[in-house]
Amino acid sequence: MIPGRGGAGGKKRGGHFKIEPFRHKVDLDPQYAEKTWKVLEDAIHEIHNHNAFGLSFEELYRNAYNMVLHKFGDRLYKGLEDTITAHLVEVSKKIDVAQGLLFLEETNKRWEDHNKSMQMIRDILMYMDRTYVNQHGKTPVHELGLKLWRDTVVRCDTIKPRLSATLLELIQKERSGETIDRALVRCITKMLMDLGTQVYCEDFERPFLEASADFYKVESQEYIASSDCPAYLKKAEQRLNEETARVSHYLDPSTETKITTVVEKELVGTQVKILVDLPNSGLVALMKDDKFDDLERMFCLFRRGGVLQGLSTMRDSMSEYLRETGKHLVLDPERIKDPVEYVQRLLDERDKMDDIIKKSFHNDKTFQHTLNQAFEYFINLNPRSPEFISLFVDDKLRKGLKGVSEEEVEVVLDKVMMLFRYLQEKDVFEKYYKQHLAKRLLPGRSMSDDAERSLLVKLKTECGYQFTSKLEGMFTDMKTSRDHMHDFRQQGIDLGGIDLQVQILTTGSWPTQSAAKCNLPPELEHCCEQFKELPQAAWSLEVTETRELSLHCGRPDPGRSTLWTAGPRTLHTVDSRTPDAPHCGRPDPGRSTLWTAGPRTLHTVDGRTPDAPHCGRPDPGRSTLWTAGPRTLHTVDGTHYV
Amino acid sequence: ECEEIVSETVALNSCSWGDSLLELWEEGQLCDITLCTSTDELPAHRIVLASASPFFRAMFTGAGEHMAEGKSTRVDITGVDGETLRQLVACVYRREVEITPQNVEGLLGGSAYLGLRQIQDACSDFLHAS
């Protein structure tokens, strides 16, 4: 048994009683509490009067310690609360006397004093904070000091309205360009934050945001009446920057999004539609003139949280503009005359918009989507778009890519693919592409096999194997034909001076029309028979009945090349020159001749249609391609057929 | 080739530092305060006392700095008796406390007064155990 244990006070701590210092049973002076408190009260007064130098910390600490130890904590705490309150009532009166700017200065000075005093008082009453306050759920001394300052000073009837009004007045002055004492305002807003977020919000922030909304409401009306779109946007941006700077200089960081939202809403949000639609300086005008900076400013302002419908309004306007100009582009009778120029204009327009979206709209996906939708809309307004795009490729692959690096070719092809993606009638494109490709492959007119293959891969990636299987078949046929010709030549058969070129084409892969069997002149018939003797060729002819045999006879003229489809009904040519009037009858020995088996019409892809195809003898001096299969006949001669 | 020099943080043994403070105290070197009780005078280092006890911290850096204690190298301690104070200050330097049935009452009161939490808890546990 420990002596004096009965005198130990106890409290709950971590599941068992904590033992406190022993209170020795001494006969206390009945006036002990009041006398001791008086000492402490006097000391607090001295502290408030900046006159603590003569006090003994240890003595005051011991007195407070003993009061708590002897269960006079209530008296001590109550005494403290009353003394501080009474002091602060006097302080608030002194603050209230101060006029003008001095009001804030006085508030700040008194606040600093109060903090220092409370710090010292807390040190003296440390033991009370640790035990009594804890055990009785009281407000600790430091927090008590804040609470009393809040209720007795900041929120007293005379000071509260003046405080927020003075702060707002200073901010208003700064908005008008005057210089204010930012450090002082910062101290006051910090004081409000120290008193609690709620005090800062209710006593300052809410009225500040309301006043700001009113201010910017008026300012937006003034601005819009006197500025064009870029100038307005610059002012709004400047105001936003100012408010952000203001927060960093003397407001709590939590206010930043709130005040910028107010500015966004009142200064930007209310004018979105008007700004976008301004006739000579709105979105369309800025896009036309490539005003990247102004466009970016608009984008950045309009995408801010406080601006409702900002970006969607921009997109709507952009879409409307693109659809309108695009419509003109694709339906303009002048443009349709030149397919290459037509497609080039589409590419240029898309490049321009792409550039704007990259540089000004931060590559925003929704703007890209709007751009794509607009292009898809107007490209398909013209049913000839698929054909024109194929012709554009044809032009590039024939001559347009001369002296251009592989990378640049890829860029052009990628851009074409972009347009291709917009096409709804992809099959129509395929139809034309097949024709144009045939006219490049058969006469060997394509500039670059790599580029051809590259585009094929892109089409395959885009549309799948099915889409390109026939096109790939055409390439395969070309290779097979070359191999067979090679084998045939190896045999060294005498063809009577005729240079035989045979191309074996798979039915269905090539854009040929059905044609009746045509009767070849004996010399050519002989050549054909010789070729058919070739084991590999015979094999492919027999095994795959769907294949057709095309013959290229005569002496090739490297300078010319013409393809004739000489079916019973159609005859195609890609020659720049077109026969005036094809004929049937005896061949003219001086001319290259084409046999057909009773054609009725003759088409050319350059838009001119000859009256009728003709038959005749081949001109040995010219290269001629015969399709001597059961149904079709091709020629790659470059001459007139008169 | 020049190897890049990477900065490195190495933990240092704090025991030797504590040992040195104890040594300085035992040798009476660099002491900057004298604690005066009715029976005793005890030289010590303010920085050591303030780092261990909120009471001394308030006395040397807080309220006490603006009061009589602030200008003096001698301070009166009346809330703790001389012998207990010597034991407690020694505990602070030695980083250990020896509790006996004889000294537990004094140590408990003194540690509560000076805010030496660990010693107060140790004394409390000692009384529970016995």
Side-chain angles (χ1 to χ4, degrees), chain A residues 1-24 40 43-44 46-69 113 116-131 141-142, chain B residues 33 35-38 49-50 53-72 74-81 84-85 88 99-130:
Chain A
M1 185 70 194
I2 311 261
R5 185 160 187 180
K11 68 165 179 180
K12 269 263 189 222
R13 192 184 73 90
H16 68 275
F17 283 97
K18 182 180 174 185
I19 296 170
E20 285 179 5
F22 303 106
R23 245 184 302 126
H24 292 281
L40 289 166
I44 290 172
E46 293 298 321
I47 290 171
H48 281 149
N49 293 331
H50 307 286
N51 201 20
F53 312 107
L55 302 170
S56 158
F57 172 76
E58 205 268 343
E59 184 196 341
L60 297 170
Y61 182 93
R62 175 169 43 81
N63 280 326
Y65 173 86
N66 282 329
M67 272 189 85
V68 174
L69 202 65
D113 286 350
K116 276 183 201 151
S117 303
M118 288 312 298
Q119 193 80 35
M120 290 172 78
I121 292 164
R122 183 173 69 162
D123 281 351
I124 293 167
L125 304 183
M126 190 189 294
Y127 191 74
M128 180 185 80
D129 250 354
R130 270 215 317 267
T131 53
V141 174
H142 176 71
Chain B
I33 193 77
L35 307 176
C36 306
T37 59
S38 53
L49 299 177
S53 148
F55 167 84
F56 281 120
R57 187 168 184 157
M59 178 181 268
F60 298 136
T61 72
E65 208 192 351
H66 307 283
M67 297 181 179
E69 285 89 346
K71 304 183 287 286
S72 179
R74 297 167 61 85
V75 292
D76 289 330
I77 304 293
T78 54
V80 188
D81 68 79
T84 303
L85 184 67
L88 286 169
I99 307 170
T100 64
Q102 288 70 41
N103 73 2
V104 67
E105 186 188 336
L107 288 183
L108 183 66
S111 61
Y113 188 77
L114 301 178
L116 296 167
R117 244 310 160 32
Q118 286 185 53
I119 298 176
Q120 191 184 349
D121 288 349
C123 292
S124 182
D125 291 346
F126 181 84
L127 287 171
H128 270 289
S130 52

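Below, chains carry the letters A, B, ... as their sequence lines are ordered, and counting in each starts from 1. Model, not experiment: these values are computed from the prediction.
Chain A forms the most heavy-atom pairs under 4.5 Å with one residue out of B:V80, B:T78, B:I77, and that residue is B:T78. With chain A as the partner, the residue from B:S72, B:G70, B:S111, B:G64 showing the most heavy-atom pairs under 4.5 Å is B:G64.
Nearest heavy atom pair, residue B:M67 against residue A:L55, reads CB-O, 3.1 Å. Heavy atoms only, all atoms of each residue included: A:Y65 and B:G109 are closest at OH-O, 3.4 Å. Scanning both residues, B:E69 and A:S56, for their nearest heavy atoms gives OE2-OG, 3.4 Å.
For the pair B:Y113/A:Y61, a side-chain contact is recorded, criterion being any heavy-atom separation below 4.5 Å from C-beta on.
Contacts between A:I121 and chain B at a heavy-atom distance below 4.5 Å are absent for every atom of the residue. Both the backbone and the side chain of A:F53 come within less than 4.5 Å of a heavy atom in chain B.
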Donor-acceptor pairs under 3.5 angstrom involving side-chain atoms of residues 53-63 of chain B: please list them, not counting sequence neighbours.
{"from": "B:S53", "atom 1": "OG", "to": "B:F55", "atom 2": "N", "distance (Å)": "3.2"}
{"from": "B:S53", "atom 1": "OG", "to": "B:F56", "atom 2": "N", "distance (Å)": "3.0"}
{"from": "B:S53", "atom 1": "OG", "to": "B:L114", "atom 2": "O", "distance (Å)": "2.7"}
{"from": "B:T61", "atom 1": "OG1", "to": "B:R57", "atom 2": "O", "distance (Å)": "2.7"}

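Looking at A:E58, its side chain does come within 3.5 Å of a backbone N or O of B:G79 through a donor-acceptor pair.
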